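Report on one structure; see the data block that follows.
Fair warning: this is a prediction, and the values are worked out from it, not measured in the lab.
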Amino acid sequence: MTRRFGAAVLRSHESRFAVEEVILNAGPADGEILVRIAGCGMCRTDLAVRRSAGRSPLPAVLGHEGAGVVVETGGPDTGLSVGDHVVLSFDSCGHCRNCLGAAPAYCDSFASLNLFGGREENAERFTDAAGGELAPRWFGQSSFAEYAMVPARNAVRVDSSLPIELLGPLGCGFLTGAGAVFNSFGLGPGDTIAVFGAGAVGLAAVMAAAAAGAVAVAVDRHPERLALAERFGAIPLRAGSADLPSLPDLPELPDLPDRIRRLTDGGAQFALDTTGSARLINDALRALRPTGHLGLVARLHTALPLEPGALDRGRRISHICEGDAVPGLLVPRLTGLWQAGRFPFDQLIRTYPLADINEAERDCDAGRVVKPVLVPERTSG
C-alpha cells in the first residue's frame, strides 16, 4: 500500500528543513510497525548531521525521539497491536553478543543502523514525491514526519492515558541522562554526582538523581538552566562565560573542582559530562573522590589530553551510550516516576508544529529551549 504524508526533509548539510510530501511505497514487513507520530523530540544528534558531512546520507528525514500510535503491524510476531501507544527508541540488530547481553546501545551494527541512514533493504520503500530516494530510516524511525515505519523492537508500549505527544524524548535524550544515573552509575540514597551541562541530558540526570535520593551538583553557564536544575533538586554551580565551553578562550576556572569537592564532602562519587569540553572533563576528574567514576555522553571531536594524575587512586572514565539502557525497561520506569511527580520531564519541553521545525532548530541552537518537540499537523489520514 502506498501512503503519502508530510515530513521534514533535509536535502543538504547547509540547507533548511523543508516540510514536503514523502511516500512510503509498501506497508510494514514482518517484525515492523507503522506508527502515526504524535510528537517527536529534536535532539542535538539530529542537528549534528550538519557538522558531520559524509557520515549520514542525505537527503533524509531525520528525527529519532518519536512517539505515537500504531496504525498497522507486519505479521503476528511484533508483540504490538493497532491502537497501541508507543515510544520509539534506537535501532539494534537483536542478535549480536551485546544485544543478547541486554546492551543494545552497543550493538555491533549500531552505527550503520542509526547514524548512517538505516537498513539498506528499506532504501526503495521511502521516497520523495518525485520518486527520489531518501535515506532509508534514521535511527530506525525518521520521525520528523506524520508517520514512521519502525522495527517493532524499537517501540515501547506505554499507557494510553499518558500524553503521548510529549513522550518521544524518553526514547533518547531523557533516556540517556536518566539511564546514566540509574544504569551506568547505579546511584542510591546519599550518593553524590556532579553533572556538567544542564541541557536535556544533564537535567534528566539531575531529575533521576533526585528520584534516587542522591545529591547532585549541576554545572552550567546559563543562569536559567541552573534555575531549572535547582528546581529539580540540584545544587547550582555557575561556570564559564557566555562562550561555548569548548572554545579555547574560555576563562580559566581553577577553583571549579575545589568548589565541587566542598559541596560533596570531599569529592563527588560520580560525574557526568554532557559538554564534550576537554577542559571541563579534566575538571570533572579533579572533582571526583578516589574510586570515582566519570561518564561521558558527548562525542569527542578532538583529542582528550588528561592532566597528570587524573586517573590516580581508582578514578575511571567511560563513554555512556543511550544511558546503557534497555528501552523496554527504562521507559516504563521513567513514565512511572513522572506519574508519581518524581521525573517532571514535561517541564523541559516546548512544542512546535512540524511546519516550524526551522524555528525549533534555531531556538535549540540558541539555548532558548531545552527540548523542542515537533507535533505534526495532519495532512493525511
Does any part of the side chain of [Y], heavy atoms only, come nearer than 4.5 Å to the side chain of [X], both counted from C-beta?
| X | Y | value |
| --- | --- | --- |
| Arg3 | Ile23 | no |
| Phe182 | Leu334 | yes |
| Glu224 | Leu228 | no |

For the side chain of [X] and the backbone of [Y], is there at least one donor-acceptor N/O pair under 3.5 Å apart?
| X | Y | result |
| --- | --- | --- |
| Ser81 | Asp84 | no |
| Arg289 | Gly267 | yes |
| Asn98 | Tyr106 | yes |
| Ser142 | Val61 | yes |
| Gln141 | Met149 | no |
| Arg44 | Cys364 | yes |
| Asn282 | Leu285 | no |
| Asn154 | Ser89 | yes |
| Arg153 | Ser92 | yes |
| Glu165 | Leu374 | no |

Applying salt bridge (charged side-chain N to carboxylate O under 4.0 Å, His left out), run through Glu146 and Arg4 and close with a yes or a no. CA-CA 10 Å; Glu146 294 182 54; Arg4 296 172 178 264; over 6 Å; no
Apply side chain to side chain contact (heavy atoms under 4.5 Å, CB included) to the pair Val217 and Val195, showing each step before the final yes or no. CA-CA 6 Å; Val217 176; Val195 178; over 6 Å; no
Apply salt bridge (charged side-chain N to carboxylate O under 4.0 Å, His left out) to residues Arg362 and Asp365 and explain how you reach the verdict. CA-CA 5 Å; Arg362 288 191 296 269; Asp365 271 341; over 6 Å; no
For Asp258 and Arg286: C-alpha separation, side-chain torsions, deciding distance, then whether salt bridge (charged side-chain N to carboxylate O under 4.0 Å, His left out) applies. CA-CA 8 Å; Asp258 291 338; Arg286 290 171 54 214; 5.1 Å; no
Under a 3.5 Å cutoff, is there a donor and acceptor pairing between the side chains of Asn114 and Trp138?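 Note: Asn114 and Trp138 side chains miss the donor-acceptor criterion.
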Salt-bridge present (Glu65, Lys371; N to O < 4.0 Å):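 Salt bridge present between Glu65 and Lys371.
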Assess whether a salt bridge exists between Arg11 and Asp128, defined as any Lys/Arg side-chain N lying under 4.0 Å from an Asp/Glu carboxylate O.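 Between Asp128 and Arg11 there is a salt bridge, with a charged N closer than 4.0 Å to a carboxylate O.
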Give a yes/no verdict on a cation-pi contact between Arg137 and Phe126, requiring under 6.0 Å between NZ or CZ and the six-membered ring centre and an angle within 45° of the axis.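 Not flagged: Arg137 not positioned over aromatic ring of Phe126.
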Within 45 degrees of the axis of the six-membered ring of Phe17 and under 6.0 Å from its centre: does Arg50 put its NZ or CZ there?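 Output yes; distance and angle both within limits.
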Centroid-to-centroid, Phe90 to His64, below 6.0 Å?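 When the ring centroids of Phe90 and His64 are compared, they turn out to be at least 6.0 Å apart.
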In the single-linkage hydrophobic clustering (I, L, V, M, F, W, Y; side-chain heavy atoms under 4.5 Å), do Leu203 and Leu337 co-cluster?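 Result: yes, single cluster for both.
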Assess the residue pair Glu32 and Arg125 against the criterion (salt bridge (charged side-chain N to carboxylate O under 4.0 Å, His left out)); give the C-alpha distance rounded to whole Å, side-chain angles, the decisive distance to 0.1 Å, and a yes or no. CA-CA 13 Å; Glu32 293 181 330; Arg125 295 167 54 189; 2.8 Å; yes
Going through the distances and angles, do Ile357 and Met42 end up as a side chain to side chain contact (heavy atoms under 4.5 Å, CB included)? CA-CA 9 Å; Ile357 185 171; Met42 177 175 280; 3.6 Å; yes
